[in-house]
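Throughout, residue positions are numbered sequentially from 1 according to the sequence presented. It should be emphasised that the depicted structure is a prediction, and the values quoted were computed from it without experimental measurement.
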Amino acid sequence: DVDYEGYYVQLASDINLSGINWEPIGTISGTYAFNGIFDGNGHTIKNLTIGTKSSPREVSGDTAKAGLFSTLGSSATVKNLALTNVSIYIKGGSTVIYGGGIAGTTSGGSGTYSGVKIDHVSVSGNISLKNSRGNIWAGGYTGMLFKGYIINSASNVNITASEYADTSVGALEPDEDGDEPEYWVEAGGITGLNFWGLVANSYSTGNIYADYYDENTDNHSEEKTYIAVGGISGLDYGAAVVNSYVTGNITAAHATKYAAIIEGLMEASSAYEAHITGCYYNSQMTLTNGEEVVGLGPDVIGIIPDSYKDMPINISSNSSFKTSKASSLTSKLNAAVKSVPDEFLLSRYSVEDTALSAWTYDSSLSLPVISKNTAKITVKNSSVTYSSSAIKKKAKSFKIGASVTGNASLSYAVSSYPKGAGKYISVSKTGKVTVKKNAPSGIYKIKVKSAATFGYKSASKTITIKIK
């Protein structure tokens, strides 16, 4: 099996997958997991498509795992990447479906909380998963996050996860305790199920819709409507959500006990504590549970089952915000970055508090966003001098030799020259400067500019050529 463990994969340019029906890396059936480092290097993968709204990808077998990757292994890292216009439409019968923009699911390591690392990644688009019997886990990043973490990331993904079953038809094998199986639909803006994982310094702005309907009238009750839906994740089991916010609308099409603003359902164990701390939600978003539009009160989770109420679950310092005052939310998020509300949460996932990026207010969105670092351009030749006598004899040329953090695309242009001397200097697309024979004395300048990417602002640097 190929799992790329120990390999470092780095994008050198943007990728447009338009017109391609994408097969997840590792195959949709999850043949193998990716265990290497995938560094987007500030670049964008556009138009990742699996199925369409009118013709969804039909899956069969026990499981289907859909995303850029099918499964991210416990040693995997995905960073510095933007996925835009993701379009995933999956339809299955009794197949268990995991779906997310980055990966269907992830694997945990041998350490208590060790696992996948997702850092400085953004995802936008639409994900729709449907089946008739079998669990569905749907999230903007992963269907399930099992251990590991997602930090400094932004999800603008509209999620639809729906299951229409009839458990009165066909044999239902009881589990080892003699109980009938339960088919769950779990959906969230970041991950459908957060199982011992960490989400920190991130946000979700997409709308989340989940539905489960059983034709068997014996199961028509909130207790047996197995929908868990929330702005960050549907189910949080022994997991942590820190310094993050949500703004999208949350909908459970049929009434359930497990629909809420941040987490629909929250569970823990004596070995794995659960935390939601320092999180925020837009006071103008709506939470719909069945036919009722629920008020956005202080409850950021749907329910803690009775069997878990004595377990270590911490829900603290969470509140609403108004978009008209989102600039003040930026300050609150940054204050938490400087003094993490619960350092233990980060230290147990081997994340240094310095790894959390600052926030900045984006006036075009009226929301806080993860700050971009200013790219740094380095050159081999920033200043070149020629004698006028040498230029009278023959033309001169040199390569600027520029590189930039994030490996963004670079452009070159002549920015200034002595009066009337523009025709004597030129620069190629690859940064080769040519000074023509008989160029007048004076100062000539070339501007090198990098394109903005996810994680990096545009930068520029001036190259000076002197003829004297």
Side-chain angles (χ1 to χ4, degrees), residues 8-18 39-47 79-85 120-122 124 154 357-358 360-365 369-468:
Y8 189 99
V9 180
Q10 185 181 77
L11 295 187
S13 61
D14 293 348
I15 296 175
N16 189 344
L17 297 176
S18 181
D39 186 354
N41 211 17
H43 291 294
T44 299
I45 296 177
K46 307 172 184 176
N47 303 313
K79 62 182 181 179
N80 305 324
L81 176 67
L83 288 182
T84 61
N85 199 30
H120 278 98
V121 173
S122 70
S124 66
S357 293
T360 187
Y361 180 71
D362 188 326
S363 58
S364 65
L365 299 173
V369 296
I370 302 297
S371 294
K372 292 185 176 183
N373 298 313
T374 300
K376 182 179 180 181
I377 298 174
T378 56
V379 297
K380 291 181 179 178
N381 297 293
S382 61
S383 181
V384 177
T385 301
Y386 297 114
S387 66
S388 57
S389 59
I391 289 295
K392 286 181 180 179
K393 293 179 182 179
K394 64 176 182 178
K396 299 288 185 178
S397 64
F398 68 93
K399 289 186 176 181
I400 293 173
S403 61
V404 61
T405 44
N407 202 29
S409 59
L410 293 168
S411 60
Y412 305 86
V414 176
S415 57
S416 68
Y417 42 81
K419 187 176 181 179
K423 65 180 181 180
Y424 289 97
I425 188 167
S426 62
V427 60
S428 71
K429 292 181 179 180
T430 59
K432 182 179 180 180
V433 178
T434 300
V435 181
K436 294 181 180 179
K437 183 179 178 181
N438 293 321
S441 297
I443 296 176
Y444 299 73
K445 293 183 179 180
I446 306 290
K447 179 175 280 189
V448 184
K449 187 175 181 180
S450 66
T453 64
F454 181 73
Y456 291 99
K457 298 177 184 177
S458 176
S460 64
K461 192 174 185 69
T462 298
I463 310 302
T464 302
I465 301 101
K466 298 178 182 178
I467 300 176
K468 59 181 182 178

> Restricting to pairs with a member in residues 410-435, which pass side-chain hydrogen bond (donor to acceptor under 3.5 Å, both in side chains), not counting sequence neighbours?
Replying inline: Ser428-Thr430
How many angstroms lie between atom [atom1] of [X] and atom [atom2] of [Y], to the nearest 0.5 angstrom?
X: Thr44; Y: Leu83; atom1: OG1; atom2: CG; result: 8.5 Å
X: Leu81; Y: Gln10; atom1: CG; atom2: CD; result: 12.0 Å
X: Thr84; Y: Lys46; atom1: OG1; atom2: NZ; result: 6.5 Å
X: Ile400; Y: Lys380; atom1: CD1; atom2: NZ; result: 12.0 Å

If the condition is side chain to side chain contact (heavy atoms under 4.5 Å, CB included), which residues does [X] pass it with, not counting sequence neighbours?
X: Val369; value: Tyr203, Thr360, Asp362, Leu365
X: Ala395; value: none
X: Ser18; value: Asn16, Asn47

>> Please enumerate all residues that pass side-chain hydrogen bond (donor to acceptor under 3.5 Å, both in side chains) together with Asn438, with sequence neighbours excluded.
In response: none
> Mind checking what makes side-chain hydrogen bond (donor to acceptor under 3.5 Å, both in side chains) contact with Asn381, not counting sequence neighbours?
Replying inline: none
Residues 443-452 side chain polar contacts: donor-acceptor under 3.5 Å, at least two apart:
residue : atom : partner : partner atom : Å
Tyr444  : OH   : Pro440  : O            : 2.8
Ser450  : OG   : Ala459  : N            : 3.0
Ser450  : OG   : Ala459  : O            : 3.4

> Under 3.5 Å, is there a donor-acceptor pair between the His120 and Asn80 side chains?
Replying inline: no
> Just checking, is any N or O donor in the side chain of Thr378 or Ser403 under 3.5 Å from an acceptor N or O on the other one?
Replying inline: yes
>> Just so I know, are the side chains of Ile465 and Val435 near enough to count as touching, which here means a heavy-atom distance under 4.5 Å?
In response: yes
>> Do Ile45 and Leu17 have side chains that approach each other closer than 4.5 Å (heavy atoms only, starting at C-beta)?
In response: yes
Show every donor-acceptor pair shorter than 3.5 Å between a side-chain atom in residues 382-394 and any protein atom, with sequence neighbours excluded, or say none if there are none.
residue : atom : partner : partner atom : Å
Ser387  : OG   : Ser389  : OG           : 3.2
Ser387  : OG   : Ala390  : N            : 3.2

